[in-house]
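As the structure is a prediction and not an experimental result, all values here were calculated from the model. Read the numbers this way: they start at 1 and go in the same order the structure lists the ligands and their atoms.
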Amino acid sequence: MRRKTKLIHGGISGDPLTGAVNVPIYQVSTYKQDGVGNFKGFEYSRTGNPTRHALEELIKDLENGEAGFAFGSGMAAITAVMMLFNSGDHVLMTDDVYGGTYRVMSKVLNRFGIESTFVDTSKLESIEEHIRPNTKALYIETPTNPLLKITDIEAAAGIAKKHSLLTIVDNTFSTPYWQTPHDLGADIVLHSATKYLGGHSDVVAGLVVVNSPEMAKDLHFVQNSTGGVLGPQDSWLLIRGIKTLGIRMEEHEKSTRKIVEFLQKHPAVKKVFYPGIESHPNHDIAKKQAGGFGGMVSFDVGSEENADKLLEKIKYFTLAESLGAVESLISVPARMTHASIPKERRAELGIGDGLVRISVGLEDADDLVEDIDQALTK
Ligand SMILES: *Cc1c(COP(=O)(O)O)cnc(C)c1O
């Protein structure tokens, strides 16, 4: 099955009971048992629900893994994955991971003895340097937010394997339409499905795919024990969103390319961050490991004042957190998603006050270019 077909026919399609072409929303918490312990595959909806199960089968197929799991948010998914580890274990992570991931590791899970170190995984030598005797996993986000840095998944997973570490990849930005980390050696792939997979700014969800029956058993045990599951209504919305993932990602890609070309030529723009640009330090790796470069772009307009002027005039880009939806969004990382990082650390990472991040939506690309143009120049 090719990718676009898999989005429609992967997992479980339709309802064998009625012939309905979509999986129904099984809005149910418990299931009749014909005798004690004698049930038709489902006993209680925290443990398993048919609509959620259909979504879990679908993401498993899309990521070429062994088993899929759906959670109430990306953060719930990440937390459940971390619950596979024990007190005293150490996880090595990409330094500019999603802010919420940094927060849960450094302010919540640390209290339970799960240690973490943040390194620039786009530089492979820094991975090996920071492995400790108690390191159990390498956690990669690629591309990153907001600087779109790229880590070579296959090479990083190779290093991890050599040291018997699990490789975990947050695949939110690329989606399985462009990038399937299991095929490159990753053990666990996870998503904030709130973003591109859902695609319509109407659902908060997280997904995980593991690549072995043992890990599937362990993660199901954590999912059922801690209970941060996705409800049937939201599972159904995600299945619906995923059906159009292919055409959405293709369109995001085309429009983003146009916008990047425009930004690169604009005198008010100091620098453009996008893995599709040939001068991007890891452009070749991005090209090798992903079918597309995605719809996220950051660019530097030089100062906070210039960024504010742009925000004031822009019409089609909504000032909001989040990304990956049909509507274009704009944000200023230094004062929004990355505000909790001290200014000096932000400067070290390269997140200046004039850095603007956009998530290119599905509006007409010419309207988007004209909109940025009028907002930048006047
Ligand atoms: C949004 C996001 C998360 C967190 O997901 P939620 O659904 O908001 O809990 C994790 N990783 C990345 C890359 C994200 O963009």
**Study point:** For atom 9 (O) of ligand 1, the option (of E321, M296, M75) bearing the nearest heavy atom
**Key:** M75
Practice item. Using heavy-atom distances, let me know which of P143, S192, S73 sits nearest atom 5 (O) of ligand 1. Key: S192
Practice item. Report the part of A193 in contact with ligand 1, treating N, CA, C, O as backbone and CB onward as side chain, heavy atoms under 4.0 Å; options are side chain, backbone, both, neither. Key: neither
Review point. Checking R52 side chain against P232 main chain: does a donor-acceptor pair fall under 3.5 Å?
Key: no
Check your understanding: With distance as the sole test, does S303 use its side chain to make a donor-acceptor pair with the main-chain N or O of D353 at under 3.5 Å?
Key -> no
Practice item. Could you verify whether a donor N or O on one side chain and an acceptor N or O on the other, from E327 and S201, lie under 3.5 Å apart? Key: yes
Review point. Has A205 got any heavy atom lying under 4.0 angstrom from an atom of ligand 1?
Key: yes
Practice item. Answer yes or no for D170: is there a heavy-atom contact with ligand 1 below 4.0 Å? Key: yes
Exercise for review: Evaluate side-chain hydrogen bond (donor to acceptor under 3.5 Å, both in side chains) for E363 paired with S328, printing each intermediate quantity in order.
Suggested key: CA-CA 7 Å; E363 300 90 343; S328 291; 2.7 Å; yes
Exercise for review: Decide yes or no for F112 and M82: does some side-chain heavy atom of the first lie under 4.5 Å from some side-chain heavy atom of the second?
Suggested key: no
Review point. Can you check whether V297 reaches L148 side chain to side chain, under 4.5 Å on heavy atoms?
Key: no
At what distance is the nearest protein heavy atom to [atom], and which residue and atom is it?
| atom | result |
| --- | --- |
| atom 7 (O) of ligand 1 | T194 OG1, 2.6 Å |
| atom 15 (O) of ligand 1 | K195 NZ, 2.7 Å |
| atom 4 (C) of ligand 1 | Y98 CE2, 3.4 Å |

**Study point:** For E141, atoms of ligand 1 separated by under 4.0 Å from a heavy atom
**Key:** 13 (C)
Check your understanding: For ligand 1, is there an N or O atom under 3.5 Å from any N or O atom of G74?
Key -> yes
Practice item. Dump the intermediate steps for side-chain contact (heavy atoms from CB on, under 4.5 Å) on E129 and V119, then the final yes or no. Key: CA-CA 10 Å; E129 264 169 40; V119 301; over 6 Å; no
